[in-house]
Amino acid sequence: DGWSVFRVLSDVFASHAALANGQRPALVARRPFRDYLHWLSEQDQEQSQDYWRGVLAGFDSPTPLPYDHTPLEAHRAESSTSVPIELSTGQSTRLREMAQRNGLTVNTLVQGAWALLLARYSGQQQVCFGTTVSGRPAELPGIENMIGMFINTVPTRITIPHEHHVLPWLRELQTQQVETRQYDFASLTQLHTFSDLPAGTSLFDSIVVFENYPINDEAAAAHGLQLRELHAIETTNYPLALIAYLDNHLHLHLGYDPDLFNPDTIERMTTHLQRL
């Protein structure tokens with residue numbers, strides 16, 4: 001996962017510098033991934049299942065998306081094309097300050113905006129999308145430096161009230177996120193069985209990914225090295241994927257499957273999302 005990638009890169013930089021100076025590399029001691037697997041085996045699976053049964057009770061239809069081309073049963077979705085959404089530094093600062101004043105995270109604001117967008121496009125008061133989580137339990141010491149595949153994607157089911165002030169609704173959404181974090185290790189395949197969806201139907205067709213893993217821009221420079229020409233294409237196996245991260249301003253990228261959406265549809269969605 002992304003968190004691990006930059007940890008590995010830091011080790012590569014340190015090793016390269018050591019070897020260039022004729023020294024033996026001294027790698028950072030990291031807690032082994034098997035300790036996380038042991039932690040996972042000790043979690044209360046019954047309590048987790050009860051929680052997710054409550055979240056997915058009565059859920060019988062995924063939130064419809066504004067497809068331009070009807071997905072075929074044999075079609076394997078891939079959000080291989082992306083459109084950036086530019087928020088200015090001033091806009092981003094106001095969002096961050098508003099979140100801090102009200103005990104919210106920017107992640108909550110992004111999820112709230114996405115929920116509203118899906119509700120407007122689908123005409124449904126209740127929407128469901130996937131949320132990708134880091135999967136690194138805070139109670140496991142050393143988890144931030146462990147290397148492995150921790151990320152997971154779980155359903156986020158949100159009701160948009162007819163009349164409600166924004167801040168109380170966002171606080172409810174954040175409380176829901178905190179509750180979900182206790183059980184975000186659950187298998188998506190298992191979660192499907194807790195809904196009323198027909199077999200073979202996805203719980204959701206869009207996901208939100210808020211990337212908040214630490215990236216040390218100084219890691220290469222600290223060893224007299226330079227990292228340049230770094231390019232990455234992020235794809236998912238969902239028709240729509242909203243990827244966000246925050247530095248001096250909020251970066252948003254709407255990934256989509258070009259076989260299912262026309263570019264003008266996605267441009268319209270990005271305009272509406274930015275407005276929300």
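As a basis for the values below, the full set of heavy atoms in this structure was taken, side chains included, without hydrogen atoms, waters or symmetry mates. It should be emphasised that the depicted structure is a prediction, and the values quoted were computed from it without experimental measurement.
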Engineer: Between Gln125 and His162, is there a side-chain donor-acceptor contact under 3.5 Å, judged purely by atom types and distance?
Structural biologist: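 Present: a donor and an acceptor within the cut-off.
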Engineer: Are the side chains of Ile160 and Gln126 in contact, using a 4.5 Å heavy-atom criterion?
Structural biologist: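 Result no, sub-4.5 Å side-chain heavy-atom pair not found.
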Engineer: Would you mind reporting whether Leu188 and Val154 have side-chain heavy atoms less than 4.5 Å apart?
Structural biologist: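 No, too far: nothing below the 4.5 Å cut-off.
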Engineer: Where the side chain of Trp114 meets the backbone of Ile207, is there a donor-acceptor pair that is under 3.5 Å apart?
Structural biologist: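 Judged by distance alone, no pair lies under 3.5 Å.
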Engineer: Do Ser79 and Tyr238 have side-chain heavy atoms sitting under 4.5 Å apart?
Structural biologist: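 A side-chain contact is absent here, since even the closest heavy-atom pair is not under 4.5 Å.
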Engineer: What pairs of residues pass the side chain to side chain donor-acceptor pair (under 3.5 Å) test when at least one of them lies in residues 53-70, not counting sequence neighbours?
Structural biologist: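 Counting only pairs at least two positions apart or across chains, the side chain to side chain donor-acceptor pair (under 3.5 Å) contacts touching residues 53-70 are Asp68-Thr265, His69-Asn262.
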Engineer: Please name all residues satisfying side-chain hydrogen bond (donor to acceptor under 3.5 Å, both in side chains) with Ser195, sequence neighbours left out, ordered by chain then number.
Structural biologist: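 Scan of Ser195 (side-chain hydrogen bond (donor to acceptor under 3.5 Å, both in side chains), adjacent residues dropped) gives none.
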Engineer: So which residues get pulled into Ile151's cluster when ILVMFWY side chains under 4.5 Å apart are joined, directly or through others?
Structural biologist: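 ILVMFWY cluster around Ile151 also holds Met149.
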Engineer: Between Tyr183 and Tyr51, is the gap from one ring center to the other below 6.0 Å?
Structural biologist: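 Between Tyr183 and Tyr51, the centre distance is under 6.0 Å.
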Engineer: Are any of the side-chain heavy atoms of Phe129 and Gln111 separated by less than 4.5 Å?
Structural biologist: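 In contact.
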Engineer: Could you give all pairs that pass the salt bridge (charged side-chain N to carboxylate O under 4.0 Å, His left out) test and reach residues 153-182, with sequence neighbours left out?
Structural biologist: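 Passing the test, one end in residues 153-182: no pairs.
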Engineer: Without hydrogens or angle criteria, can the side chains of Thr108 and Gln177 be said to hold a donor-acceptor pair below 3.5 Å?
Structural biologist: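 On atom types as modelled, these side chains qualify, holding a pair under 3.5 Å.
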Engineer: Quick one: does Leu87's side chain get under 4.5 Å of Ile85's, heavy atoms only?
Structural biologist: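 Side chain of Leu87 against side chain of Ile85, heavy atoms only: contact under 4.5 Å found.
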Engineer: Ring centroids only, cut at 6.0 angstrom: are Phe194 and Phe59 within range, meaning strictly under it?
Structural biologist: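 Ring centroids of Phe194 and Phe59 are no less than 6.0 Å from each other.
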Engineer: Using a 3.5 Å distance criterion without hydrogens, assess whether the side chain of Asp35 forms a donor-acceptor pair with backbone atoms of Arg31.
Structural biologist: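 No.
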Engineer: Apart from Tyr36 itself, what residues make up its hydrophobic cluster when side-chain heavy atoms of I, L, V, M, F, W and Y under 4.5 Å apart count as a link, directly or indirectly?
Structural biologist: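 Reading the cluster by chain and number, Tyr36 sits alongside Phe33, Leu37, Trp39, Leu40, Leu140, Ile143, Met146, Phe150, Phe185.
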Engineer: State the CG-SG distance between Leu56 and Cys128, to the nearest 0.5 angstrom.
Structural biologist: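 Going from the CG atom of Leu56 to the SG atom of Cys128 covers 6.5 Å.
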Engineer: For His253 and His251, I'd like to know if the aromatic rings sit close, meaning centre-to-centre distance below 6.0 Å.
Structural biologist: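 Centroid separation for His253 and His251: 6.0 Å or greater.
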Engineer: Test of understanding: clusters of I, L, V, M, F, W, Y form through side-chain heavy atoms closer than 4.5 Å, transitively. Do Ile243 and Leu118 belong to the same one?
Structural biologist: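 Not linked; separate clusters.
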Engineer: Could you tell me which residues satisfy side-chain hydrogen bond (donor to acceptor under 3.5 Å, both in side chains) with Arg24, sequence neighbours excluded, listed by chain and number?
Structural biologist: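 With neighbours one apart ignored, the set is empty.
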Engineer: Return the OG1 to CD1 distance between Thr271 and Ile266, rounded to the nearest 0.5 Å.
Structural biologist: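 So the gap between those two atoms works out to 11.0 Å.
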Engineer: Decide yes or no for Pro258 and Ser80: does some side-chain heavy atom of the first lie under 4.5 Å from some side-chain heavy atom of the second?
Structural biologist: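 Sidechains of Ser80 and Pro258: in contact.
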Engineer: Rounded to the nearest 0.5 Å, what separation is found between the CG atom of Leu250 and the CG atom of Leu109?
Structural biologist: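 With rounding to 0.5 Å, CG (Leu250) is 8.5 Å from CG (Leu109).
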Engineer: When rounded to the nearest 0.5 angstrom, what is the spacing between CG in Asn107 and CG in Leu246?
Structural biologist: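 Here the interatomic distance stands at 10.5 Å.
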Engineer: Above 12 or not: heavy atoms from other molecules or residues under 6.0 Å from CG of Asn248?
Structural biologist: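 Check fails, neighbour count at 12 or below.
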Engineer: Quick one: salt bridge (Lys or Arg N to Asp or Glu O under 4.0 Å) partners of Asp44, sequence neighbours excluded?
Structural biologist: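 Scan of Asp44 (salt bridge (Lys or Arg N to Asp or Glu O under 4.0 Å), adjacent residues dropped) gives none.
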Engineer: Is there a donor-acceptor pair under 3.5 Å between the side chain of Trp3 and the backbone N or O of Glu144?
Structural biologist: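 Yes, because the side chain of Trp3 sits within donor-acceptor range (under 3.5 Å) of the backbone of Glu144.
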Engineer: Please determine whether a side-chain nitrogen of the Lys or Arg among Asp1 and Arg136 lies less than 4.0 Å from a carboxylate oxygen of the Asp or Glu.
Structural biologist: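 Looking at Arg136 together with Asp1, the answer is yes, because their closest N to O distance falls below 4.0 Å.
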Engineer: Just wondering, are more than 12 heavy atoms of other shown residues or ligands nearer than 6.0 Å to CD in Gln23?
Structural biologist: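 For Gln23, atom CD is crowded (more than 12 foreign heavy atoms under 6.0 Å).
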Engineer: Does Pro62 reach the side chain of Thr201, with side-chain heavy atoms less than 4.5 Å apart?
Structural biologist: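 Of all side-chain heavy-atom pairs linking Thr201 with Pro62, at least one is under 4.5 Å.
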Engineer: Under a plain distance cut-off of 3.5 Å, with no hydrogens placed, do Glu86 and Gln274 share a side-chain donor-acceptor pair?
Structural biologist: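 Result is no, nothing qualifies.
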Engineer: Quick one: side-chain hydrogen bond (donor to acceptor under 3.5 Å, both in side chains) partners of Thr153, sequence neighbours excluded?
Structural biologist: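 In terms of side-chain hydrogen bond (donor to acceptor under 3.5 Å, both in side chains), with neighbours along the sequence ignored, Thr153 is linked to Thr132.
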Engineer: What's in the same ILVMFWY side-chain cluster as Ile147, cut-off under 4.5 Å, chained through other members?
Structural biologist: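 Members besides Ile147, by chain and number: Val8, Val12.
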Engineer: Please list all pairs passing the salt bridge (charged side-chain N to carboxylate O under 4.0 Å, His left out) test where one or both residues lie in residues 238-251, with sequence neighbours left out.
Structural biologist: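 Of all non-adjacent pairs touching residues 238-251, none passes salt bridge (charged side-chain N to carboxylate O under 4.0 Å, His left out).
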Engineer: Just verifying a value: how many Å separate Leu240 CG and Leu65 CG, rounded to the nearest 0.5 Å?
Structural biologist: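 Taking CG in Leu240 and CG in Leu65, the distance rounds to 5.0 Å.
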Engineer: Decide yes or no for Leu197 and Leu203: does some side-chain heavy atom of the first lie under 4.5 Å from some side-chain heavy atom of the second?
Structural biologist: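 Yes, close enough: below the 4.5 Å cut-off.
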Engineer: Within the 3.5 Å criterion, strictly below it, is a donor on Asn145 or Arg7 matched to an acceptor on the partner's side chain?
Structural biologist: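 Checked: Asn145/Arg7 side chains pair up, N/O donor to acceptor below 3.5 Å.
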Engineer: Holding to side-chain hydrogen bond (donor to acceptor under 3.5 Å, both in side chains), I want the full list of residues that pass it with Glu42, two or more places apart in sequence or in another chain.
Structural biologist: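 With neighbours one apart ignored, the set is His38.
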Engineer: Assigning hydrophobic clusters by single linkage (Ile, Leu, Val, Met, Phe, Trp, Tyr; side-chain heavy-atom cutoff under 4.5 Å), is Val133 placed with Phe6?
Structural biologist: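 No, Val133 and Phe6 fall in different hydrophobic clusters.
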Engineer: Could you work out, with side chain to side chain contact (heavy atoms under 4.5 Å, CB included) as the rule, every residue matching Glu97, not counting sequence neighbours?
Structural biologist: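 For Glu97, the residues satisfying side chain to side chain contact (heavy atoms under 4.5 Å, CB included) (neighbours in sequence not counted) are Thr93, Arg101.
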Engineer: Nearest 0.5 Å please: distance from the CZ atom of Arg94 over to the OG1 atom of Thr89.
Structural biologist: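 Rounded to the nearest 0.5 Å, the CZ-OG1 separation comes to 10.5 Å.
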